[in-house]
Amino acid sequence: MGKLTDEEFDLIKMHTTIGAKILANSKSVILQVAEQIARFHHEKWNGKGYLQGLSGHDIPQVARIVSLADVFDVLASKRPYKSPYPIKVILEIIRKERGRHFDPDVVDVFLENIDEILKIKSEAGFAEDI
């Protein structure tokens, strides 16, 4: 298993559009929020994300929050292709990406609450990953 080709990565990126289409046009407020998350969770604060290249506050706040949560989960979790990163490394990556990948305010709130986040992760049975 190696790095994805450009064609494979383009296909992977379509999950944002496909997910948003599945959730589109709902009358349910929670599904409307889920549509925003699906569509925009790979946008980056600095505008270098995908699919639309949105930046800063043009990215819906819910997507900015889920973007950080998603990256944290990927880094902290064991996957078939990787071991979990140590929490110290995860936090270094998140701090480094503050203002680039992630909304600085979302990072600040995340870091202020990291002990509670790790406690919840542990109580949910996922502490063994990190």
Side-chain angles (χ1 to χ4, degrees):
M1 180 179 290
K3 186 177 177 180
L4 296 175
T5 66
D6 289 343
E7 294 80 20
E8 290 169 331
F9 188 54
D10 286 342
L11 187 60
I12 293 290
K13 290 191 291 189
M14 294 306 299
H15 81 277
T16 59
T17 304
I18 293 167
K21 283 181 181 179
I22 291 168
L23 297 163
N25 304 316
S26 177
K27 292 183 173 132
S28 164
V29 173
I30 194 148
L31 291 180
Q32 292 169 4
V33 171
E35 178 186 357
Q36 286 187 338
I37 292 167
R39 186 176 308 280
F40 301 115
H41 72 283
H42 284 292
E43 300 290 352
K44 294 184 179 181
W45 185 255
N46 64 6
K48 295 185 179 182
Y50 63 84
L51 278 167
Q52 296 181 21
L54 299 179
S55 64
H57 292 285
D58 289 338
I59 305 165
Q61 185 178 40
V62 293
R64 288 182 266 142
I65 293 167
V66 171
S67 174
L68 177 54
D70 182 48
V71 170
F72 173 76
D73 181 61
V74 168
L75 295 174
S77 299
K78 182 179 180 180
R79 301 289 169 104
Y81 55 87
K82 71 164 203 63
S83 297
Y85 286 51
I87 189 64
K88 181 179 177 182
V89 173
I90 295 169
L91 297 180
E92 287 172 11
I93 291 168
I94 290 170
R95 284 185 187 101
K96 179 182 173 198
E97 292 300 318
R98 182 185 183 276
R100 290 193 244 181
H101 187 143
F102 306 120
D103 176 339
D105 293 334
V106 172
V107 170
D108 293 346
V109 171
F110 177 86
L111 294 174
E112 289 167 13
N113 292 280
I114 191 60
D115 290 338
E116 185 67 18
I117 292 165
L118 294 174
K119 179 181 172 194
I120 291 167
K121 186 169 175 56
S122 175
E123 289 172 355
F126 296 105
E128 69 280 355
D129 286 352
I130 54 175

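Residue numbers run from 1 in the order of the sequence given.
- Using a 30° and 60° split on the angle between ring planes, H15 and Y50 fall in the perpendicular class, above 60°.
- In this structure F110 satisfies the ring-ring contact (aromatic ring centres under 6.0 Å, His included) test together with F72, sequence neighbours excluded.
- By the side chain to side chain contact (heavy atoms under 4.5 Å, CB included) test, V66 is found to be paired with I37, H41, residues two or more places apart in sequence or in another chain being considered.
- Residue pairs meeting the salt bridge (Lys or Arg N to Asp or Glu O under 4.0 Å) criterion with at least one member in residues 86-97: none, sequence neighbours excluded.
- Scanning for side chain to side chain contact (heavy atoms under 4.5 Å, CB included) contacts around E8 gives L4, T5, with sequence neighbours left out.
- Residues satisfying the side chain to side chain contact (heavy atoms under 4.5 Å, CB included) criterion with E35, sequence neighbours excluded, are A20, L23, A24, R39.
- Applying the side chain to side chain contact (heavy atoms under 4.5 Å, CB included) rule to I18 yields the partners M14, I22; only residues at least two apart in sequence or on another chain are considered.
- Partners of K13 by salt bridge (charged side-chain N to carboxylate O under 4.0 Å, His left out), not counting sequence neighbours, listed by chain and number: D10.
- Partners of D73 according to the salt bridge (charged side-chain N to carboxylate O under 4.0 Å, His left out) rule, which considers only residues two or more places apart in sequence or in another chain, are R79.
- For residues 48-60, no pair satisfies salt bridge (Lys or Arg N to Asp or Glu O under 4.0 Å), with sequence neighbours left out.
- Applying the side chain to side chain donor-acceptor pair (under 3.5 Å) rule to E116 yields no partners; only residues at least two apart in sequence or on another chain are considered.
- Note: the hydrophobic cluster containing L111 also contains L118 (ILVMFWY, side chain heavy atoms under 4.5 Å, direct or indirect links).
- Residues forming a ring-ring contact (aromatic ring centres under 6.0 Å, His included) with H101 (at least two apart in sequence, or on another chain): none.
- Listed by chain and number, the residues in a side chain to side chain donor-acceptor pair (under 3.5 Å) with D108 are R98 (sequence neighbours excluded).
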